[in-house]
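First comes the structure, then the notes that go with it.
Start at 1 with the first residue, then count along the sequence. Keep in mind that the numbers below use all heavy atoms, side chains included, and drop hydrogens, waters and symmetry copies.
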Amino acid sequence: MLSTPHRPDAATRAVPAEPPREGARPRADRVPEGRRGRLIAASALGGALLMLLHAQIPNKAGQLGSLFQTFLPWAGLSVPVLLTLAAVRRSRLAAVAVVAPAVVWVSLFGGAIVDKRSAGGDLIVVTHNVDEANREPGRTARALARSGAHVLALEELSAKSTPVYERELAASHPYHSVHLGIGLWSTYPLRHVEPVPIMPWTRAVRATVDTPKGPVAVFAAHLASVRVTPATGFATARRNEAGRNLAEAVAAERLPRVVVMGDFNGTSEDTALKPLTSQLRSAQREAGAGFGFTWPASTPLVRIDQILVRGVSPASSWTLSATGSDHLPVAASLRL
């Protein structure tokens with residue numbers, strides 16, 4: 001008897017698998033959409049909390065609070081980075097989470113990117129760390145003479161450079177006083193010029209400037225430098241102590257109109273300087289355009305040179321061009 005070959009019916013015939021689409025993951029490796037981008041979302045929310053609660057970051061274990069607050073404006077760069085990662089992962093969860101740090105950053109610094117400068121003002125002040133290693137103090141002095149400032153506060157004057165500034169500024173700013181590296185030059189008479197003991201050696205002076213609209217107390221200061229070392233981290237103890245001592249002197253000032261300016265080696269966001277900054281207003285914050293970064297002069301990353309006021313109104317605030325120092329000069333026009 002002849003046998004016939006077995007033919008499977010249509011229901012049992014093997015159907016060849018559809019070849020995978022180019023670039024598609026194997027089905028077993030696919031990540032559910034709800035789990036995609038969780039790490040990115042967590043990073044975004046964590047970054048938002050850090051920015052929102054930056055004032056509560058403790059200054060322990062290397063002064064981490066001051067270090068983070070110094071570079072706080074740059075935390076906004078995390079937003080486009082995280083958004084790009086969310087797009088790569090195709091994660092709606094991560095994209096939505098990135099909104100949180102964006103909103104926090106705008107709430108903290110959105111006002112800084114608005115140009116708040118206005119015309120007018122009765123007193124123009126400039127502060128500049130002229131850098132004791134500056135090889136061209138004459139060029140720096142001539143640039144300051146052309147700045148239009150009524151009052152100049154200069155820090156890091158050396159024994160060698162001080163006569164250069166005195167000579168170059170004599171015509172434009174006939175009134176001046178220098179105390180161990182801190183100097184004031186003015187177009188208006190100076191009275192009661194005296195050192196302020198914020199450190200064991202002179203790093204601040206106080207003077208009364210007799211303007212046409214009455215006396216103004218002017219403080220010029222250079223707080224202690226900050227050191228970054230592997231052993232201590234972001235070392236700010238001496239700077240913080242100098243800031244507290246200056247804050248006490250400013251709080252005791254009897255004149256109603258006060259200008260405090262100089263190199264603070266810290267930003268206005270640094271809570272370690274709050275004893276000083278809490279009793280004054282930042283000219284840059286109220287009447288500037290942008291962040292007004294001042295250091296380093298070649299590629300400014302932070303604003304550590306400040307003009308703070310009490311009893312006067314800032315009309316405008318700006319940075320001047322580089323002069324040969326490692327800091328940029330900063331200026332403000334004030335209404336008395």
Side-chain angles (χ1 to χ4, degrees), residues 17-116 226-230 232-236 266-273 282 284-285 288-304 319 328:
E18 181 180 350
R21 289 173 293 175
E22 184 178 353
R25 289 186 179 185
R27 187 170 297 175
D29 294 339
R30 292 180 186 172
V31 179
E33 185 175 340
R35 292 171 53 192
R36 258 185 252 154
R38 283 185 177 179
L39 180 59
I40 302 170
S43 299
L45 296 176
L49 282 174
L50 277 175
M51 286 191 283
L52 186 64
L53 304 176
H54 68 90
Q56 278 68 53
I57 299 176
N59 258 333
K60 296 179 180 179
Q63 303 291 314
L64 291 179
S66 287
L67 179 60
F68 182 74
Q69 290 151 7
T70 296
F71 295 97
L72 185 59
W74 294 99
L77 291 178
S78 65
V79 173
V81 172
L82 291 170
L83 196 59
T84 299
L85 293 174
V88 170
R89 291 291 292 169
R90 299 179 183 177
S91 170
R92 284 178 290 184
L93 172 68
V96 171
V98 173
V99 173
V103 169
V104 173
W105 189 90
V106 169
S107 69
L108 291 174
F109 300 110
I113 59 179
V114 178
D115 189 345
K116 300 177 289 296
V226 171
R227 297 285 184 261
V228 181
T229 66
T232 59
F234 196 61
T236 63
T267 67
S268 57
E269 289 79 27
D270 193 333
T271 53
L273 297 178
S282 167
Q284 177 67 22
R285 180 172 292 175
F291 293 100
F293 295 145
T294 63
W295 184 88
S298 57
T299 310
L301 298 174
V302 293
R303 183 182 178 88
I304 59 177
T319 58
L328 294 179

Just grab all the side-chain hydrogen bond (donor to acceptor under 3.5 Å, both in side chains) pairs involving residues 40-57, residues at least two apart or on different chains. none

Heavy-atom closest pair, residues Gly37 and Ser91: CA-OG, 3.7 Å

side-chain contact (heavy atoms from CB on, under 4.5 Å) between Phe71 and Glu269: does it pass, once the steps are laid out? CA-CA 9 Å; Phe71 295 97; Glu269 289 79 27; over 6 Å; no

Specify the closest pair of heavy atoms between Phe68 and Leu50, including all atoms of both residues, with the distance to one decimal. CE2-O, 3.6 Å

Say you draw a straight line from CG of Leu301 to OG1 of Thr294; how long is it, rounded to the nearest 0.5 Å? 10.0 Å

Heavy-atom nearest pair, Ala94 first then Ala86, reads CB-CB, 3.6 Å

State which residues pass side chain to side chain donor-acceptor pair (under 3.5 Å) with Thr319; sequence neighbours excluded, sorted by chain then number. none

Main-chain N/O of Gly290 paired with Gln284 side-chain donor or acceptor, under 3.5 Å: yes

Side chains of Arg285 and Ser268: do they bring a donor and an acceptor to under 3.5 Å? yes

Any pair with a residue in residues 99-115 that passes side-chain hydrogen bond (donor to acceptor under 3.5 Å, both in side chains), sequence neighbours left out, goes on the list, sorted by first then second residue, please. Asp115-Arg117

N/O donor-acceptor pair under 3.5 Å between Arg303 side chain and Gly292 backbone: yes

Of Thr236, Leu72, Thr70, the one forming a side-chain contact (heavy atoms from CB on, under 4.5 Å) with Asp270 is Thr70

If you round to the nearest 0.5 Å, how far is CG of Leu82 from CD1 of Ile40? 7.5 Å

Using the rule given for side chain to side chain donor-acceptor pair (under 3.5 Å), can you reason through Thr271 versus Gln69, listing the C-alpha separation, both sets of side-chain angles and the distance that settles it, and then say yes or no? CA-CA 8 Å; Thr271 53; Gln69 290 151 7; 3.3 Å; yes

Counting C-beta onward and ignoring hydrogens, is there a side-chain heavy-atom pair between Leu108 and Val104 closer than 4.5 Å? yes

Taking all atoms of both residues into account, what is the closest heavy-atom pair of Leu45 and Ala100, and its distance? CD2-CB, 3.9 Å

With a 4.5 Å cut-off on side-chain heavy atoms, are Pro300 and Phe291 touching? no

Would you say that Val302 contacts Trp295 through its side chain, given a criterion of any heavy-atom pair below 4.5 Å between the two side chains? yes

Shortest non-hydrogen separation from Leu328 to Ala297 and the atoms involved: CD2-CB, 3.9 Å

For Val103 and Val99: C-alpha separation, side-chain torsions, deciding distance, then whether side-chain contact (heavy atoms from CB on, under 4.5 Å) applies. CA-CA 6 Å; Val103 169; Val99 173; 3.8 Å; yes

